[in-house]
2 protein chains.
Amino acid sequence: MKNIPLILMGCGGVGRHLLQHIVSCRLLHAKLGVHLRVVGVSDSKSLVLTSDVIKAELNDNFLSEVCRVKSDGSSLSKLNDLGDCKVFSNSESRTKILDIASVLGKSTGLALVDCSASSETTGVLTQVVDLGCCVVLANKKPLTSTLEDYDKLVSYPRRIRHESTVGAGLPVISSLNRIISSGDPIHRIIGSLSGTLGYVMSEVEDGKPLSQVVKTAKSLGYTEPDPRDDLGGMDVARKALILARLLGRRISLDSIKIESLYPKEMEPGVMSVQDFMENGLVKLDNNIQERVKKASLNGNVLRYVCVIDGSRCEVGLQELPKNSALGRLRGSDNVLEIYSRCYNEQPLVIQGAGAGNDTTAAGVLADILDLQDLFPL
Amino acid sequence: MKNIPLILMGCGGVGRHLLQHIVSCRLLHAKLGVHLRVVGVSDSKSLVLTSDVIKAELNDNFLSEVCRVKSDGSSLSKLNDLGDCKVFSNSESRTKILDIASVLGKSTGLALVDCSASSETTGVLTQVVDLGCCVVLANKKPLTSTLEDYDKLVSYPRRIRHESTVGAGLPVISSLNRIISSGDPIHRIIGSLSGTLGYVMSEVEDGKPLSQVVKTAKSLGYTEPDPRDDLGGMDVARKALILARLLGRRISLDSIKIESLYPKEMEPGVMSVQDFMENGLVKLDNNIQERVKKASLNGNVLRYVCVIDGSRCEVGLQELPKNSALGRLRGSDNVLEIYSRCYNEQPLVIQGAGAGNDTTAAGVLADILDLQDLFPL
């Protein structure tokens, strides 16, 4: 049986689902000859480690308890007096993780799994790579930091996986990596990579006012608590940057042209969420409706997409043919169209649910399993 | 630099393109830290080996010459007096390959790459797996042989790759493997996996007679020399079987319900190709046209698909909603819809060119690169 020791950083929605998946897949993974040994879990405040990181693990009962505590919205520090573990504060955790990485990285191997949404993990992740560890990311921040950080993270390309940073569990990164390694040059990627904006644009296409659509989306839980986090396009821009860097583009976030769906005078620092929802949004209705109409007159539809084409990398509204995978998109599915030598006239299209904790966690788990050949028997 | 020794079986269209890709990707692969060392190549008549299989390789000039000879339709035996190689006859080649597999399999590793279309490779492939070798297949035959052969081939699941057996280079198998390893149960797969039949059905949908469409497809080189090889559905059935077995179904080719588009009295043994094209086909026009009309009255379209649903595995014509990925399919693209827990209401859809030597060879090359962690530095 192959043993994969791992530390999970971030036990929010995705991390919690990952732990549940790990526990429920025990039998399946045993059949595949793999055991995932969870050595530690951390949230923003604490790191919980098994008492013996060389041999022991946080067992399945303990992991279930972690899930319970986190779904109650409590902190991991609550687990202090539970079973064979040690709890460390946030200030100690980085040193602790580096200690473990030094010990395990080059002997048994160690996977650092980042399901947080924090940029604070970047430091420790760039360091563990050099210690022989593997890195699995659902967190976009480390990959969208400086080029220097990026280069460090991918310096051993086989030791990093980050499928769930783009399109949740959709096989986007793994497919792009296959195309790249086969020497098939990708010259264009265009995608709708925000379930929220995909939903918004297909509803607006049906004639509904933007303000009403966003309010409905918020009430359905489709948006972030502050919908401007979706409407501003930054999340899509991070995904675009990850894809562009995968294709070898030496760019950073600030060189991506990002179109925000709201103007500067409605930014979070200027306007409260409530004010934006009640008074700001409605002022945007006319402009969007006119653009939708104009697109329709051209036989097109309006989509919020990321485009990587040659040296161009941008994120915003585009008129697209009704009769393309992107044009036909309805609801909250993500779609990616990839154009290369092999997929020239017709693109390679990958489409499906691109959000959700369950799906995102499944993508992370597949990434971990895919690293198994790097771990000794 | 990681060294991956490989033997290529089958130097027809796909194999020849693979050799070209290997040569043209030297720089790219060097950047990835990998060198593909081609130790031998074979066609149906001969096996050509480098004189020193432990250290040497058939160099790029030699490989280019192989491509030239094969694209002229000649046999590899022609290369007898060229450079540092040895040529063996078909009767010696199996023993020779097993000898090399014994020597290299557990020391440096060895990949057997089957780009032939023959069932005769099954024997040697099932044997090399036990000798520590990796197997990469574009050839569907070994995977659609008996369950006993199948079990042998996949007995070390990490050592076998066969992306290009279904949908050419489309990331179908790799994506299914990801979903499976993440414990997301797949309950339904439906796909259009024949570019030829996809083209035929979308042309027939436009009102053209089947006989005319097939004649055009043949003249465009979209069909096999005998179009009945496409119209009979056996090729799609093999792909369906490969997918079903990947999902764990313990079935064989004879338990798949296959709908042929021509009746028994027009089978190859009964009717010549010419007779079928000139007199047979036209008798099928009415029936197909009626079914297309009936589907259309139901708001559906007719597609030739494979369906794997629970224990059901069948291949044939189905009425499908116009407004689904399969219903919207035009031309020769392949489409696969995957339904699982994570992709429940809306499927995960993978679509794109599913044929062509270039694309198929690119899929094989990506598979080989994906095995790299199993080879020692």
Side-chain angles (χ1 to χ4, degrees), chain A residues 21-22 24-25 28-29 32-34 156-158 163 168-171 174-184 323 325 328 330-333 335 337-338 340-353 356 358-374, chain B residues 21-22 24-25 27-29 32-34 156-158 163 168-171 174-184 323 325 328 330-333 335 337-338 340-353 356 358-359 361-374:
Chain A
H21 289 352
I22 289 175
S24 67
C25 285
L28 170 76
H29 291 162
L32 299 174
V34 175
Y156 301 91
R158 297 295 292 179
E163 190 59 87
L170 288 179
S174 56
S175 300
L176 288 171
N177 272 327
R178 288 184 61 88
I179 297 174
I180 292 166
S181 72
S182 74
D184 179 19
N323 190 31
R328 285 187 300 257
R330 304 291 308 167
S332 63
D333 266 9
V335 179
E337 298 183 3
I338 301 164
S340 68
R341 185 192 70 227
C342 287
Y343 305 100
N344 195 2
E345 287 177 40
Q346 293 290 326
L348 165 58
V349 180
I350 299 167
Q351 174 165 357
D358 182 6
T359 310
T360 309
V364 174
L365 188 53
D367 273 352
I368 298 171
L369 268 286
D370 200 36
L371 288 167
Q372 64 184 275
D373 299 329
L374 294 165
Chain B
H21 289 352
I22 288 175
S24 66
C25 283
L27 228 79
L28 171 76
H29 290 162
L32 299 174
V34 175
Y156 301 90
R158 298 294 292 179
E163 189 59 87
L170 287 179
S174 56
S175 299
L176 287 172
N177 271 327
R178 288 185 61 87
I179 297 174
I180 292 166
S181 72
S182 73
D184 180 19
N323 190 31
R328 286 186 301 258
R330 304 290 308 167
S332 64
D333 266 9
V335 179
E337 298 182 2
I338 302 164
S340 68
R341 185 191 69 226
C342 287
Y343 305 99
N344 195 1
E345 286 177 40
Q346 294 290 326
L348 165 58
V349 180
I350 299 168
Q351 175 165 359
D358 182 6
T359 310
V364 174
L365 188 52
D367 272 353
I368 298 172
L369 267 286
D370 200 36
L371 288 167
Q372 64 184 276
D373 300 328
L374 293 166

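Note on naming: letters A, B, ... go to the chains in the order of the sequence lines (proteins, then strands), and numbering restarts at 1 for each one. As the structure is a computational prediction, the values presented were derived from the model and not from experiment.
- Of all heavy-atom pairs between B:Cys25 and A:Gly183, the closest is SG-CA, 3.5 Å.
- Smallest separation of non-hydrogen atoms from A:Pro347 and B:Asp333: O-OD2, 4.5 Å.
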What donor-acceptor contacts under 3.5 angstrom involve side-chain atoms of residues 363-372 of chain A, with partners at least two apart or in another chain?
residue	atom	partner	partner atom	Å
A:Asp367	OD1	B:Arg178	NH1	3.0
A:Asp367	OD1	B:Arg178	NH2	2.9
A:Asp367	OD2	A:His162	N	3.4
A:Asp367	OD2	A:Glu163	N	2.9
A:Asp370	OD2	A:Arg161	NE	3.1
A:Asp370	OD2	A:Arg161	NH2	3.4
A:Gln372	NE2	A:Leu369	O	2.9

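- Counting heavy-atom pairs under 4.5 Å between each of A:Asp184, A:Leu170, A:Val34 and chain B puts A:Leu170 at the top.
- For chain A, no part of B:Arg330 is nearby; none of its heavy atoms comes within less than 4.5 Å.
- No other option in A:Gly352, A:Ala168, A:Ser174 has as many heavy-atom pairs under 4.5 Å with chain B as A:Ser174.
- By the 4.5 Å heavy-atom criterion applied to side chains, A:Pro171 and B:Leu348 are counted as neighbours.
- A:Thr359 and B:Tyr343 make their closest contact through CG2-OH, 3.5 Å (heavy atoms, listed as atom of the first residue, atom of the second, distance).
- Residue B:Leu32 touches chain A through its side chain alone, counting heavy-atom pairs closer than 4.5 Å.
- Annotation: maximal heavy-atom pairing with chain B below 4.5 Å, among A:His21, A:His29, A:Arg158, occurs at A:Arg158.
- In terms of heavy-atom proximity, A:Ile180 sits nearest to B:Leu28 at O-CD2, 3.3 Å.
- Around CG of B:Asn323, the count of heavy atoms belonging to other residues, nucleotides or ligands within 6.0 Å does not exceed 12.
- With rounding to the nearest 0.5 Å, the separation of CD in A:Gln351 from CD in B:Gln351 is 8.5 Å.
- Qualifying salt bridge (charged side-chain N to carboxylate O under 4.0 Å, His left out) partners for B:Arg341, counting only residues two or more places apart in sequence or in other chains: A:Asp358.
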